[in-house]
Amino acid sequence: MGSRTCDLVGQVDPAQSFDTQALLRYASANVIGFPPNPSLFTISQFGHGQSNPTFLIEVCSGTLAKKYVLRKKPCGNLLASAHAVEREYEVLHALSTHSVVPVPKVFCLCTDSSVIGTPFYIMEYLEGRIFVDPMLPDVLPERRRVIYRAVAQALAGLHSADVDIVGLGNYGKRMNYCKRQVERWAKQYLLSTGEGKSRRNPKMLELADWLRQHIPLEDSSGATAGLVHGDFRIDNVVFHPIEDRVIGILDWELSTLGNQMCDVAYSCLGFIVNIASESIEENNGFELTSFPDGVPSLSNYLGDYCSAAGRPWPIEQWKFYIAFSLFRGASIYAGVHCRWIMGNASGGDRARCTGEKADSFIRTAWSFIQRKSVLPQHPPTETSLEDHVRQLGHDSSDQGLPMGGKFVPSEKVQKLRNRLTKFMEDHIYPTENEFYKLAQSTMRWTVHPNEEKLKELAKKEGLWNLFIPFDSATRARELIFGSRNGPVNNDFGSLLGAGLSNLEYGYLCEIMGRSVWAPQIFNCGAPDTGNMEVLLRYGNEVQMKEWLVPLLEGNIRSGFAMTEPQVASSDATNIECSIKRISFKFGYDQPI
């Protein structure tokens with residue numbers, strides 16, 4: 001079920017209390033729509049989280065009742081740049097105003113510490129569910145997979161935000177993020193540990209040195225740069241009260257611009273160490289084995305993200321990103337433990353064990369680094385049959401697979417998948433920027449010369465027209481090869497794809513979909529695919545020779561146009577307009 005947001009509040013921690021009347025006066029003057037002259041004004045504190053204290057404001061005036069959330073800096077001496085509620089407000093305001101990223105709306109920011117003791121901001125209260133325990137113990141197994149996929153898609157959506165368009169272009173430095181972060185968290189750890197503070201672990205300092213020597217090249221190239229949340233995990237998102245979709249991403253204190261793969265790795269830490277429980281659970285750097293049915297593996301979750309975000313499989317850099325995330329987590333826990341020792345931690349007694357948590361993260365990081373392999377060579381493609389039937393509405397018997405089994409690609413499909421993935425990594429991704437430049441220029445209606453070169457290369461690699469179902473290819477082959485005039489050309493058979501079923505093609509289509517430019521390179525883009533299949537299934541020999549073959553060869557393009565008053569004619573039974581045969585010239589001097 002998850003915890004309802006309203007169930008996560010309790011009494012205000014005395015160490016974090018403040019002048020509620022001063023807050024009431026400020027909110028009344030600065031929050032638009034705040035109930036005037038309230039008859040009820042109560043403050044309670046959210047117990048989840050150990051960083052910036054967060055409070056629920058409930059206010060009533062007559063029949064008008066509203067809820068708000070207040071987030072403030074902790075009291076006491078704080079580390080430089082820590083607990084930056086001002087930055088939280090800035091990013092939430094930008095995203096809620098100019099993007100579709102699900103975040104709560106913010107109403108006001110107060111930087112005057114004289115009001116309630118520290119800076120704060122007030123934002124929208126989201127009524128929903130928060131899954132504090134990543135094991136999802138009270139959730140049905142079939143829903144667990146859906147929930148984790150929604151989390152991965154929410155992170156991908158966050159990473160798709162164009163920071164220049166939403167007004168966050170100067171929110172941070174985009175390049176060399178990991179390099180700066182290693183130094184930042186190493187410094188924070190030193191400031192949080194030592195005499196009178198949390199115990200300092202020398203292995204942490206050695207870990208910092210290892211990270212400095214293994215920073216990925218993409219960190220300095222900007223290939224993975226964009227908006228970074230900084231603390232993205234399943235218990236920092238709010239789900240709809242009854243639907244398994246994300247309605248809000250919370251806790252933006254560490255957000256900035258930088259290497260987005262750090263977000264991805266950090267969101268995967270729950271698969272390697274138990275970050276939700278007060279107890280310490282680790283598995284020598286390997287994935288935990290205590291997850292219940294339905295919770296995906298780390299590879300499946302990562303595959304969901306890469307698919308949604310259009311990113312390549314990060315096998316070469318994954319060891320660094322996980323080790324860095326554990327390093328950063330250890331530094332954060334050490335800081336929480338230090339504040340607990342000094343009496344400033346907002347997590348109360350739960351902060352007492354965070355020193356041991358920090359050491360656990362350090363041990364796990366070193367165990368992970370020493371592993372020979374940390375990810376499979378390729379993203380997993382297994383999808384449960386139940387999921388596929390539910391999504392496509394097909395009967396399982398059509399595919400000849402037993403209910404309850406797994407869709408495991410055949411050796412043929414796996415080889416095609418590997419070749420396609422390599423083609424994408426070697427040729428498509430490196431060329432995307434050039435395609436984008438042309439699309440934004442005055443020459444956007446012309447064909448980029450590299451496109452034609454890549455098409456020829458795709459043909460040679462046997463990655464051409466993969467969309468064609470085997471039954472459609474069979475009909476065309478029989479119709480044309482059986483004619484008195486013989487085959488159109490000797491290469492016609494090679495233009496009819498790889499003889500795949502729709503299910504088998506799905507494995508390949510998912511990879512092509514990671515780049516907006518890829519389908520066209522492989523001659524698998526709409527509307528040509530649909531038009532070719534109409535000709536394949538229903539065209540006669542003359543029509544195939546005149547229109548299908550040039551489309552299969554990639555020498556012409558096709559179009560699809562439809563206009564219909566009042567009704568949607570995607571359902572042919574709704575057609576109300578008249579249809580008349582006309583003849584006019586179209587491009588190739590042929591009547592249509």
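The structure presented is a predicted model; accordingly, all values stated were derived computationally and were not measured.
Distance check: E432 CD to R514 CZ gives 12.0 Å after rounding to the nearest 0.5 Å. To the nearest 0.5 Å, atom CG of residue D231 and atom CG of residue N236 are 5.0 Å apart. With rounding to the nearest 0.5 angstrom, the CG atom of N531 is 8.0 Å from the OG1 atom of T529. We find the CG-SG distance between L500 and C509 to be 11.5 Å, quoted to the nearest 0.5 Å. Distance check: I369 CD1 to F327 CZ gives 10.5 Å after rounding to the nearest 0.5 Å. Atom CE of M443 sits about 7.5 Å away from atom CG of L438, to the nearest 0.5 Å.
R144 places a side-chain N or O within 3.5 Å of a backbone atom of V139 that can act as its donor or acceptor partner. Side-chain atoms of D164 do not come within 3.5 Å of backbone N or O of G169 as any donor-acceptor pair. One N or O on the side chain of N523 and one on the backbone of L551 form a donor-acceptor pair closer than 3.5 Å. E287 places a side-chain N or O within donor-acceptor distance of the main-chain N or O of L298, the cut-off being under 3.5 Å. Y148 places a side-chain N or O within 3.5 Å of a backbone atom of P134 that can act as its donor or acceptor partner.
Closest approach of P104 to S96, counting heavy atoms only: O-CB, 4.1 Å. For F291 against G270, the heavy-atom pair with the smallest separation is CZ-O, 3.1 Å. The minimum heavy-atom distance between L302 and P314, with the atom names listed, is CD2-CG, 3.9 Å. What you find for L257 and V228 is that their closest heavy atoms are C-CG2, 4.3 Å. Scanning both residues, V237 and I130, for their nearest heavy atoms gives O-CG1, 3.8 Å. Between D304 and A152, the shortest heavy-atom contact is CB-CB, 3.9 Å.
Between P312 and C306 there is no side-chain heavy-atom pair separated by less than 4.5 Å. Looking at L326 and L207, their side chains never come closer than 4.5 Å, going by heavy atoms from C-beta outward. Side-chain atoms of E533 and I468, non-hydrogen and from C-beta on, never get closer than 4.5 Å to each other. Residues D244 and R129 form a side-chain contact, since some pair of their non-hydrogen atoms from C-beta on lies under 4.5 Å apart. Residues Q520 and M512 form no side-chain contact, since every pair of their non-hydrogen atoms from C-beta on lies 4.5 Å or further apart. Two residues are said to be in side-chain contact when any heavy atoms from C-beta on lie closer than 4.5 Å; I165 and H98 fail this criterion. Contact check for L254 versus I332: side-chain heavy atoms found under the 4.5 Å cut-off. At a threshold of 4.5 Å between non-hydrogen side-chain atoms, the residues L92 and M123 count as touching.
Side-chain atoms of W185 and Q181 include a donor-acceptor pair closer than 3.5 Å. A side-chain donor from one of S558 and D528 sits under 3.5 Å from a side-chain acceptor of the other. Checked by atom type, the side-chain pair T224/Y177 shows no donor-acceptor distance below 3.5 Å.
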- prompt: Given the rule in the side-chain contact (heavy atoms from CB on, under 4.5 Å) test, do I234 and I147 qualify, once you have shown the distances and angles that lead to the verdict?
  reply: CA-CA 9 Å; I234 192 170; I147 288 169; 4.2 Å; yes
- request: Assess whether ring pair (Phe, Tyr, Trp, His ring centres under 6.0 Å) is satisfied between H214 and F320, documenting all intermediate values.
  value: CA-CA 7 Å; H214 293 84; F320 170 87; 8.0 Å; no
Chi angles and distances behind the side-chain contact (heavy atoms from CB on, under 4.5 Å) call for F522, L466: CA-CA 8 Å; F522 302 107; L466 296 171; 5.6 Å; no
message: Please determine whether side-chain contact (heavy atoms from CB on, under 4.5 Å) holds for the pair L496 and N465, giving the CA-CA distance in whole Å, both sets of side-chain angles, and the decisive distance to 0.1 Å.
response: CA-CA 6 Å; L496 293 175; N465 290 335; over 6 Å; no
task: Apply side-chain contact (heavy atoms from CB on, under 4.5 Å) to the pair E553 and V549, showing each step before the final yes or no.
output: CA-CA 6 Å; E553 292 173 336; V549 173; 3.6 Å; yes
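With sequence neighbours excluded, the residues that form a side-chain contact (heavy atoms from CB on, under 4.5 Å) with A94 are L168. Residues passing the side-chain contact (heavy atoms from CB on, under 4.5 Å) test with N176, sequence neighbours excluded: K179, R180, D219, S220. Here W464 pairs with nothing under the ring pair (Phe, Tyr, Trp, His ring centres under 6.0 Å) rule; sequence neighbours left out. Applying the salt bridge (charged side-chain N to carboxylate O under 4.0 Å, His left out) criterion to D293, with sequence neighbours excluded, gives no partner residue. Looking at residues two or more places apart in sequence or on another chain, you find a side-chain contact (heavy atoms from CB on, under 4.5 Å) between R212 and V182, E183, A186, A208, D209. Residues meeting the ring pair (Phe, Tyr, Trp, His ring centres under 6.0 Å) test with F239, sequence neighbours left out: F131. For F232, the ring pair (Phe, Tyr, Trp, His ring centres under 6.0 Å) test picks out H229, with sequence neighbours left out. A search for side-chain contact (heavy atoms from CB on, under 4.5 Å) contacts involving V534 returns Y538, not counting sequence neighbours.
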Sequence neighbours left out, cut at 3.5 Å: what donor-acceptor pairs do the side chains of residues 422-429 make with other protein atoms?
{"unit_1": "K422", "atom_1": "NZ", "unit_2": "D426", "atom_2": "OD2", "d": "2.6"}

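Between R233 and D133 there is no salt bridge, since no side-chain N of the basic residue sits under 4.0 Å from a carboxylate O of the acidic one. The pair E456-K460 does not count as a salt bridge, with every side-chain nitrogen at least 4.0 angstrom from each carboxylate oxygen.
Shown here is E411, whose CD atom has no more than 12 heavy atoms of other residues, nucleotides or ligands within 6.0 Å. Around the CG atom of N170, the shell of radius 6.0 Å holds no more than 12 heavy atoms that belong to other residues, nucleotides or ligands.
Every pair tested for side-chain hydrogen bond (donor to acceptor under 3.5 Å, both in side chains) that includes a residue from residues 434-443 fails, sequence neighbours excluded, so the list is empty. Contacts classified as salt bridge (Lys or Arg N to Asp or Glu O under 4.0 Å) and involving residues 84-105 (residues at least two apart or in different chains) are given here: R71-E88, K73-E86. The side-chain hydrogen bond (donor to acceptor under 3.5 Å, both in side chains) pairs that include a residue from residues 306-329 are E218-Y321, N259-Y321, Q260-R311, Y305-R311, S307-E510, where partners are two or more places apart or lie in different chains.
The aromatic rings of Y333 and F361 lie perpendicular to each other, with more than 60° between the two planes, well past the 30° mark.
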